[in-house]
Amino acid sequence: MAQELKDTLLLPKTDFPMRANLVQREPARVAHWEKTDLYNAIQRQRADAPAFVLHDGPPFTNGDVHIGTALNKTLKDIINRYKSMRGFRTPYVPGWDCHGLPIEQKVSAEIRQQNLTLTQAEMRAKCDEFSENWIAKQTAQFKRIGVLADWKNEYKTKEPAFEADIIRTFAAFVEKGLVYRSKKPVYWSIPFETALAEAEIEYKDHVSIAIWVKFLVPVDQAEKFGLPTDKPLYIVIWTTTPWTIPANLAIALHPDVEYVVADLGAERIIVAQALLGAVATAAKIEPQPTTVLTVPGAKLEHLQARHPFIDRASPVVLADYVTTDSGTGAVHTAPGHGADDYLTGLKYKLQIYCPVGDDGKYLDDGQVPADLVGLTTLETVEDLAAKRPAPANLGVLKKLAAAGALLAKAKYPHSYPHCWRSKTPIIFRAVDQWFVSLDKAGMRQTALAEIIKIASHQGWIPAWGEARIRGAVESRPDWCISRQRSWGVPIPAFYDANKKAYLDATVARAVADKIATRGTNFWYDATPAQILEGVTLPSDWPTPEALVCGRDTLDVWIDSGSSHAAVLKRGQGGTHWPADLYLEGSDQHRGWFQSSLWTSVIAFGAAPYKAVLTHGFIVDKDRQKISKSSTYQKPQTADAYIAQHGADVIRLWIASQDFRDDIPVDDEILKNVGEAYRLLRNTFRFQLSNLFDFDATKDALPIEQMDVLDRWALHQTAVLIDECTKAYDAYEFHRVYQLCNQFCAVTLSAVYHDILKDRLYTLKSAHPLRRSSQTAIHHIFRSLVKILTPFITFTADEAWSFATTGKEYSVDSIHLQDWPVAPAAWRNPELEAEMATLLKFRAQANEKLEPLRQAGTIGKSLDAALSFGGSTDDATFRVLEKHRTFLPELFIVSQVNLGTTVTTTVEISAQHARDLGLARCPRCWRSVPTLNQTAHGEVCPRCEEALNS
RNA sequence: GGUGGCUUGGCAGAGCGGCUUAAUGCGUCUGACUUAUAAUCAGUUGUCCGGUGCUAGAACACCGGGCCGAGGGUUCGAAUCCCUCAGCCACCGCCA
């Protein structure tokens with residue numbers, strides 16, 4: 001009996017599977033999108049629409065896509081898909097950052113293993129291959145997570161056309177007179193005669209020679225600074241690199257440290273008070289020196305001491321980094337041989353003096369004593385094994401001893417940077433570098449003005465981004481743009497036999513034109529004559545035959561920072577300049593956002609973006625950056641996450657988080673998102689399955705003929721659309737996530753869908769009430785699935801395909817649809833207010849039903865009948881009366897009785913329907929006063945009607 | 001060290017001086033249904049301290065109070081405004 005009756009019900013039907021199987025099924029949809037060329041289909045759809053250009057910051061091409069990179073690309077994809085549905089043309093040209101040290105390093109490590117020796121051009125070819133290999137892999141990984149992009153028009157910083165634009169951008173710097181040459185200390189490997197990056201440094205234990213050196217304070221200076229003059233007076237410095245003494249140009253004291261003039265008997269020395277004892281011990285001074293007077297370091301600024309064996313002054317300067325942990329509190333300062341010293345040198349306008357050549361030997365510059373010239377500062381591996389100091393160190397020791405300036409010396413074991421390839425200690429050495437002056441031609445003011453301009457239309461999202469980049473731009477010193485590397489874009493400078501540099505904007509552009517067609521290796525392979533053939537040289541240049549090409553490359557930040565010029569200015573892939581949006585991690589305020597701003601301001605006089613959106617970094621549950629966390633042993637690649645959860649769950653997770661802060665991830669969070677995903681999927685499934693006999697073109701009802709409950713649901717949908725659209729426009733995706741989650745769980749699943757089941761399953765197919773509800777479901781589904789398309793793009797595409805064709809795949813993708821707009825007729829605030837009242841009663845009624853259920857009196861709520869007692873003076877009770885015929889449906893019970901009482905509040909009671917003499921219809925489960933006999937047995941009148949039609 | 005940012009109940013996340021005895025959802029627990037079924041529905045649910053009830057304990061019920069990183073302050077009133085501190089994240093390099 002039951003089975004036969006059940007067969008007369010219109011139960012849900014769909015092929016849209018309940019189980020997602022995302023991990024297995026998503027790749028097929030990626031292939032489907034490729035096959036149907038979805039990206040271009042979307043672009044064609046919006047061919048005449050205004051463009052929204054999100055300019056892609058290029059990821060570095062040296063490994064698998066990290067989950068953090070996937071986060072970034074997914075956010076971009078969400079925005080593009082949203083903007084496209086909102087009616088914008090959204091050209092998205094993905095980029096790749098190809099040059100740079102990490103790649104060069106990995107490649108050179110491979111080369112070393114194979115014992116190969118390569119030319120610079122061959123080395124570059126290897127790097128190119130390496131980069132290309134990862135581009136292919138990363139592309140597949142980005143596609144897997146659902147990133148839709150113009151992969152055929154992608155940009156690579158290593159492509160000749162792009163490299164040419166980098167050089168052209170650089171030419172603009174030259175043209176504005178911003179580029180100059182100056183010295184800066186770098187890590188230097190003597191055996192390889194090259195600068196090293198930090199990553200090429202290994203710290204190893206090393207025994208250095210520490211020396212205490214006396215610098216004479218001349219009598220006139222002592223008098224000037226109020227120091228005693230009756231005995232010779234010296235400032236004592238301490239250093240572990242004796243070979244830098246010839247380059248000494250100053251002595252640094254801390255302004256707030258107390259220094260003492262100490263009497264050693266025959267002479268007096270100046271050291272930090274706190275270190276006098278240590279100095280005396282080191283110099284084996286007996287008896288303990290006596291203090292003559294104390295003076296703060298600040299009082300000695302500009303005192304002109306004398307270099308111990310070179311005839312020049314060594315002035316006292318002040319520096320905050322001076323400590324009294326070791327040494328003498330007086331720091332030997334050689335601006336050409338140390339980072340701190342360099343900065344101090346700049347501050348005091350000292351020469352950046354480096355009397356050491358590329359080969360590590362002292363130069364004959366007229367200042368270095370003749371007996372030191374030619375001595376090397378290198379300690380070879382053999383020297384290290386024999387514990388033999390570098391010749392330059394020994395030479396300097398001798399000179400100091402001969403000058404009577406060596407107060408003490410000692411062996412000093414410590415950790416010291418070594419060249420990772422030659423295993424020898426590196427030296428700090430100032431070499432000529434190219435710089436960009438950021439203060440000339442009002443560049444810094446222009447950059448800051450652009451920042452404010454962007455802020456004036458809320459372009460920094462979140463707003464504190466403005467302070468962040470302003471701080472970076474304000475404080476940035478002149479930009480050192482040259483690197484002594486191979487895998488990069490060459491600086492188009494030439495040098496004559498005297499190493500005089502020649503750099504010219506017109507020549508640079510001519511070089512760029514040639515590189516654009518022949519590739520950068522042209523610069524490395526061709527002679528200057530070939531490179532400059534047909535180029536009109538400035539009048540002050542020598543002939544090409546007298547020149548050699550420079551071997552420096554440009555800072556890679558110029559590479560990526562030129563992308564707006566190479567891509568947007570050329571309209572690549574339908575883009576335009578400036579971009580509507582840049583979107584990267586918050587670290588890029590000092591990185592790409594800044595470098596792009598500078599290059600654009602210098603080359604084009606304005607910022608390359610209208611708005612900048614930033615996101616935080618992925619951290620584990622305890623707010624530790626995941627790469628630093630020991631609990632995460634598994635690889636943090638995007639693929640690892642997708643293989644476990646599927647792309648849509650990962651995408652939904654990304655959307656669910658407020659990405660402006662750090663983004664926590666752990667198993668529990670992903671599990672929760674997985675539950676939320678199932679809720680969304682089941683909602684789609686329920687809706688699809690109840691539309692199996694509904695054809696919107698024929699069966700849909702106009703809104704004025706629809707039932708109140710359905711009109712309420714449409715009102716709620718209109719509100720959802722409004723709020724989600726607002727949240728999308730503010731890039732607050734987590735709000736969209738929460739809104740949809742609550743809409744599905746509460747508005748639909750717990751209320752609307754639950755009430756609807758009776759109508760949908762038991763009424764006859766074409767019953768107006770049933771068609772009314774199906775019409776609403778139809779609209780709600782189409783709205784909801786569109787709102788969620790940017791997030792769960794695979795699932796939305798699939799659900800849409802089933803909705804429109806009944807099949808898993810269709811050519812008419814949801815991505816070609818317009819964003820939902822709620823018709824004004826959907827809105828019904830009055831009804832919404834009444835329903836809000838009724839739903840409060842519903843919650844109270846459920847509380848009354850629960851004890852009956854717990855006691856076993858009733859099972860499902862349809863077994864029950866409710867009675868309400870209230871006063872017509874009560875507005876809420878009048879709402880009940882107004883909707884009295886709807887109440888059994890609303891509460892999902894068999895009968896609702898309204899009784900008038902004098903109580904001020906509405907009283908609710910519940911009982912089993914049978915106690916009111918009602919009989920249960922076996923078909924629809926509602927209890928009614930009388931059942932009628934039919935061919936299917938006894939059923940209620942409503943079911944009888946359904947069965948007869 | 002400097003600069004910028006963050007810190008709300010098991011999770012996400014509202015909250016922008018009084019409508020907060022902290023929304024909503026998820027999760028938890030208990031139950032129902034078998035007509036969304038690896039679904040669906042209903043109820044329930046923060047923590048700590050003190051007290052009362054119960055023969056004691058446990059459990060439970062009720063009452064009072066504290067807890068929105070910690071501690072101060074402003075205010076009639078603070079998760080919300082101010083200060084200090086702590087923790088965490090990022091950036092300050094020839095790493096990108």
In whole angstrom, give me the gap between the [atom1] atoms of [N] and [M].
{"N": "B:A14", "M": "B:U24", "atom1": "C1'", "answer": "7 Å"}
{"N": "B:U28", "M": "B:C11", "atom1": "C1'", "answer": "12 Å"}
{"N": "B:U44", "M": "B:G53", "atom1": "C1'", "answer": "24 Å"}
{"N": "B:A22", "M": "B:G46", "atom1": "C1'", "answer": "11 Å"}

Inset, instruction - Could you label the plane-to-plane angle of the A:Phe802 and A:Phe16 rings as parallel, tilted or perpendicular, counting under 30° as parallel and over 60° as perpendicular? - result: perpendicular
With a 3.5 angstrom cut-off on both distances, give the Watson-Crick or G-U wobble partner of [N], or none if there isn't one.
{"N": "B:G25", "value": "B:C11"}
{"N": "B:C95", "value": "none"}
{"N": "B:G53", "value": "B:C60"}
{"N": "B:G17", "value": "none"}
{"N": "B:C67", "value": "B:G46"}
{"N": "B:U3", "value": "B:A90"}
{"N": "B:G31", "value": "B:C41"}

Output one line per pair: protein atom, nucleotide atom from nucleotides 84-86 of chain B, and distance, for all N/O pairs under 3.5 Å.
none

Hey, is the side chain of [X] poking within less than 4.0 Å of OP1 or OP2 on [N], counting only N and O atoms?
{"X": "A:Arg735", "N": "B:G15", "result": "yes"}
{"X": "A:Lys671", "N": "B:G27", "result": "no"}
{"X": "A:Thr14", "N": "B:A36", "result": "no"}

Legend entry - Other residues, nucleotides, ligands: >12 heavy atoms within 6.0 Å of A:Lys848 NZ: no
Legend entry - Pair of N/O donor and acceptor under 3.5 Å linking B:A32 base with A:Gln854 side chain: no
Inset, instruction - Ignoring hydrogens and angles, answer whether the base of B:A38 and the side-chain atoms of A:Arg19 contain a donor-acceptor pair closer than 3.5 Å. - result: yes
Legend entry - Presence of salt bridge, A:Glu723 and A:Lys726, under 4.0 angstrom: no
Run the side-chain donor-acceptor check on residues 734-750 of chain A: report pairs under 3.5 Å with partners two or more places apart or on a different chain.
from: A:Arg735; atom 1: NE; to: A:Glu732; atom 2: OE1; distance (Å): 3.3

Legend entry - Any donor-acceptor pair under 3.5 Å from A:Ser596 side chain to A:Phe593 backbone: no
Legend entry - Side chain of A:Pro12 (C-beta onward), nearest among B:U40, B:G13, B:A36: B:A36
Inset, instruction - Identify the residue among A:Val893, A:Asp863, A:Ile892 that makes a side chain to side chain contact (heavy atoms under 4.5 Å, CB included) with A:Leu849. - result: A:Val893
Legend entry - A:Trp479 six-ring face occupied by A:Arg476 cation (under 6.0 Å, within 45°): yes
